[in-house]
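Accompanying notes for the structure given below.
Both backbone and side-chain heavy atoms feed into the values below; hydrogens, waters and symmetry mates do not. Within every chain, numbering begins at 1; the chains are lettered A, B, ... in the order of the sequence lines, protein sequences first and strands thereafter. Please read these numbers as outputs of a predicted model, since none were measured by experiment.
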2 protein chains.
Amino acid sequence: MKYEVDLTQMCPATFAFHVIGGKWNLPILALLSEEGPIRYNELKRRLNGITGTTLTNCLKDLIDYGIIHREQYHEVPPRVEYSLTPSGQELVPLIEEIVAWGANNIHALGGQKV
Amino acid sequence: MKYEVDLTQMCPATFAFHVIGGKWNLPILALLSEEGPIRYNELKRRLNGITGTTLTNCLKDLIDYGIIHREQYHEVPPRVEYSLTPSGQELVPLIEEIVAWGANNIHALGGQKV
DNA sequence: ATACCTGGTATATAAAATATACTAATGGAG
DNA sequence: CTCCATTAGTATATTTTATATACCAGGTAT
């Protein structure tokens, strides 16, 4: 999501919603929190259905937000690892609570398709 | 977000990410948690920038997810109030933690535009 | 030589969000 | 009575976002 606004100027709630909102941000953060430093292609394989373009864009956004870190190793084939920054690590318990909420509430609905 | 899948069949984490992912779902839920039952047009006014079409779609999705409830009163002009279901109310503390995280981490980044 | 790996990018298409105009039923101002 | 405003949306067209597909360099394995 691109907004062309100065993040530090906006309301903290809006900032937080930008970081964890969006279709792929939360799945990416959940994987990073479980799998520690993880490479671009493995991230793509584990995030069922994401395309390379979208993954690249999301990772760039999260780096701009200060949530994840990109470490590039000069090897062949290339190796680039993504991991959580301290700010990102503070999100981990929240992500776990969100997943727990999902487990407790998924059975509350009927079998309709959405 | 439309997925054409049976929600009860999917992974709890994926379910949770569908509920709170998306551009507007979390802002909508935050408003509902703060303002109790709230009408369509006031919701639209308070969610700065959302359009009627998008708000309607988001509300329908959240109803399908079992997170919010729609109560229609047969008055003129029409009155329709939206509120959290018990499943939705269980999300309230998580939303508060997310906002608190935003307040603690927004100053970690420089003033770049994103 | 050929195929395959990596972390991407470029281009074109499909999907989602937006802007705009519009609706029915009523109440109030003039 | 007429005109305008209110409500909760819907219909249509346009713009923005996400996806599918092909492709790149620089190496390794067969």
A:Tyr73 OH - C:dG7 C1' separation (whole Å): 15 Å
Interatomic distance where CD belongs to A:Glu75 and C1' belongs to D:dA25 [whole Å]: 17 Å
Distance test, side-chain N/O of B:Lys23 to OP1/OP2 of C:dT18, below 4.0 Å: yes
From A:Leu84 atom CG to A:Ile28 atom CD1, the distance as rounded to the nearest 0.5 Å: 11.0 Å
N/O (side chain, B:Arg70) to phosphate O (OP1/OP2, D:dG9) under 4.0 Å: yes
Residue whose nearest DNA chain D nucleotide is more 5′ - A:Pro78 or B:Arg79: B:Arg79
Side-chain N or O of A:Trp24 closer than 4.0 Å to phosphate OP1/OP2 of D:dT17: no
d(CD1, A:Ile28; C1', D:dA18) in whole Å: 13 Å
Contact residues, residues 35-56 of chain A to DNA chain D [heavy atom, < 4.0 Å]: A:Thr51, A:Thr53, A:Thr54
Polar side-chain atom of B:Tyr65 near backbone of B:Phe15 as donor-acceptor pair, under 3.5 Å: no
Spacing of B:Glu71 atom CD relative to D:dG9 atom P, expressed in whole Å: 13 Å
Whole-Å gap separating C1' (D:dG26) and NE2 (A:His74): 14 Å
Separation of D:dA8 C1' from B:Glu81 CD (nearest whole Å): 13 Å
B:Leu32/B:Ile38 under side chain to side chain contact (heavy atoms under 4.5 Å, CB included): CA gap, chis, key distance, verdict: CA-CA 7 Å; B:Leu32 286 173; B:Ile38 182 170; 3.3 Å; yes
Atom pair distance, as rounded to whole Å: CG in A:Asn25 and P in D:dT17: 14 Å
For the student: nearest non-hydrogen atoms of B:Ile95 and B:Leu29, plus distance: CD1-CB, 3.7 Å
Whole angstrom value for the distance that separates C1' of C:dG7 from NZ of A:Lys60: 11 Å
Candidate pair B:Glu97 and B:Leu94, rule side chain to side chain contact (heavy atoms under 4.5 Å, CB included), full reasoning: CA-CA 5 Å; B:Glu97 287 179 67; B:Leu94 301 190; 3.9 Å; yes
Shortest side-chain distance from A:Tyr82, nucleotide among C:dG8, C:dT9, D:dT7: C:dG8
Under 3.5 Å donor-acceptor, B:Ser33 side chain and B:Val92 backbone: no
Short side-chain to backbone donor-acceptor contact, B:Trp101 and A:Ser87, under 3.5 Å: yes
